[in-house]
2 protein chains.
Amino acid sequence: MDMQSTLSAANKPENPTKLAIMAAGEKALLSQGYKAMSFRDLAAEVGIKSASVHYHFPTKSDLVLAVLKRYRADFTEHLVLPKKKRQAAQKALNSFIDGFRKRVIDNGTLSLCTVLAAEKSLLEQQVLDEIEAFYEIKVDWLATVVSYMKKGWMPTDETRHYAYQILASLHGASVLVQASGAPERFEDAMAPWRTLVERF
Amino acid sequence: MDMQSTLSAANKPENPTKLAIMAAGEKALLSQGYKAMSFRDLAAEVGIKSASVHYHFPTKSDLVLAVLKRYRADFTEHLVLPKKKRQAAQKALNSFIDGFRKRVIDNGTLSLCTVLAAEKSLLEQQVLDEIEAFYEIKVDWLATVVSYMKKGWMPTDETRHYAYQILASLHGASVLVQASGAPERFEDAMAPWRTLVERF
DNA sequence: AAGCATCTACCGATTGATAGATAGCAAGGA
DNA sequence: TCCTTGCTATCTATCAATCGGTAGATGCTT
């Protein structure tokens, strides 16, 4: 028992094949959507057979759920609350927007949640619940950050409304970019939020 | 030649079966997406056989393109520029938002363009071009309406940026609503635009 | 010996699309 | 009036491809 595993902070071996399947799955979901993502294509990309994909993820739902959970975990991990100072809050909001741009806009797709929302009727409840939970996290974080920008106190209702507006701007901007093929419109659409703190 | 057809303003007989197929197609696109929409299901809903659907629309692309073109035509038809007065402009913008809410939010789906954008890689160039053209119309109209709200003159760049922001808010709000299952968040997300004129 | 991971081979269902038969209808000539 | 021609719209039947998923054999490692 030489316990090599304790060396790693991430105490999660996670089969590399499984990871490769999830990576291929996420890519396929983003570029083609849920229905068009096929186990055979994923297998081909990973270099295995489709039956082996089923070994790791019995059904499509299992795979999507795993991808989504990792997506959320990874997202949440990089999401830290800033200091309760107005400028720090604006900086955190900008990082949030930058992260979305790098992950979604620069990737030439919509966000994973948007893609799945477009095929909502095909998804199992478990997947829908995961998406919903994901959005609550984003809303809570954004609402808190916005509250940090206000000099005085702000009603929690109002901070949540700002969170909705920012989230809507982000996701809608990606739709606009994809639909019109004009990536530069992302920053134009997000511009007001880049200097939100000045409004308070 | 008794020319009964000249009685109608809309000089477009348009086979009723064809219309029924398009209606079923639009519904299927919105609820399940492009890939999951099947000619057999459409046929069943209309009460014909799938071969008859192919008779009217040889390929899936043909059907989607027809649906999209009608969608745009119908949209454009109801889109009139307001008088060049600040309050009239705000009223027109509110009607625009209301129309989106009725057509998209109350329908419990994303917008047709958003759904198609989510499966962009599966669509033919002709369809993508149609979507792009559709967005240019919306941007132009919104930019013009915003320009009517300003007391003085506003650079066209700036009015277009407002158009991007409004469009992004609309589409993103529908994603937020669908993903979180909370329809009331639509108005919260759109609230700033409901009183835009007061900012100028 | 046992478990893990992969394979081959296959199933039933569904898909987009096509070929070809059929029925109804309208126009036109005898 | 009757018959023919041709067009429109629908049908039946089918194809090749692809899909998600399963059964069971195989090999590798411990």
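A note on names: the letters A, B, ... follow the listed sequences, proteins ahead of strands, and every chain is numbered from 1. Source: prediction; values computed, not measured.
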List the atom pairs, with distances to 0.1 Å, where a side-chain N or O of residues 79-89 of chain B and a protein N or O form a donor-acceptor pair under 3.5 Å, not counting sequence neighbours.
| unit_1 | atom_1 | unit_2 | atom_2 | d |
| --- | --- | --- | --- | --- |
| R86(B) | NE | M149(B) | O | 2.7 |
| R86(B) | NH2 | V197(B) | O | 2.9 |
| R86(B) | NH2 | F200(B) | O | 3.3 |

Distance check needed: [N] [atom2] versus [X] [atom1], whole Å only.
X      : N       : atom1 : atom2 : answer
K18(A) : dC4(C)  : NZ    : C1'   : 12 Å
K60(B) : dT14(C) : NZ    : P     : 15 Å
L42(A) : dG21(D) : CG    : C1'   : 14 Å
Y34(A) : dC19(D) : OH    : C1'   : 12 Å
K35(B) : dT14(C) : NZ    : P     : 16 Å
H54(B) : dG20(C) : NE2   : C1'   : 16 Å
F57(A) : dC19(D) : CZ    : C1'   : 19 Å

*Is the closest side-chain donor-acceptor distance between T114(B) and S111(B) under 3.5 Å?*
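Side chains of T114(B) and S111(B): pair found under 3.5 Å.
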*Indicate whether any N or O donor in one side chain lies under 3.5 Å from an N or O acceptor in the other, for T59(A) and D62(A).*
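Indeed, the side chains of T59(A) and D62(A) share at least one donor-acceptor pair under 3.5 Å.
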*asked:* So, does S38(A) get its side chain near the phosphate of dC19(D), meaning an N or O under 4.0 Å from OP1 or OP2?
replied: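 Affirmative; the distance criterion is met.
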_I'd like to know if L63(A) and L65(A) are part of one continuous hydrophobic network [Ile/Leu/Val/Met/Phe/Trp/Tyr, side-chain heavy atoms within less than 4.5 Å]._
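As far as the 4.5 Å side-chain criterion goes, L63(A) and L65(A) are connected within one cluster.
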*Is it possible for you to say whether F75(B) and L176(A) belong to one hydrophobic cluster, with membership spreading through side-chain heavy-atom contacts below 4.5 Å?*
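F75(B) clusters together with L176(A).
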*Nucleotide-resolved protein contact map, nucleotides 8-14 of chain D, B/S/- at heavy-atom distance under 4.0 Å*: SBBBB-B
*Output every pair passing side-chain hydrogen bond (donor to acceptor under 3.5 Å, both in side chains) with a member in residues 131-141 of chain A, not counting sequence neighbours, ordered by first then second residue.*
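For residues 131-141 of chain A, and leaving out neighbouring residues, the side-chain hydrogen bond (donor to acceptor under 3.5 Å, both in side chains) pairs sorted by first residue read Y135(A)-H171(A), E136(A)-R185(B), D140(A)-R160(A).
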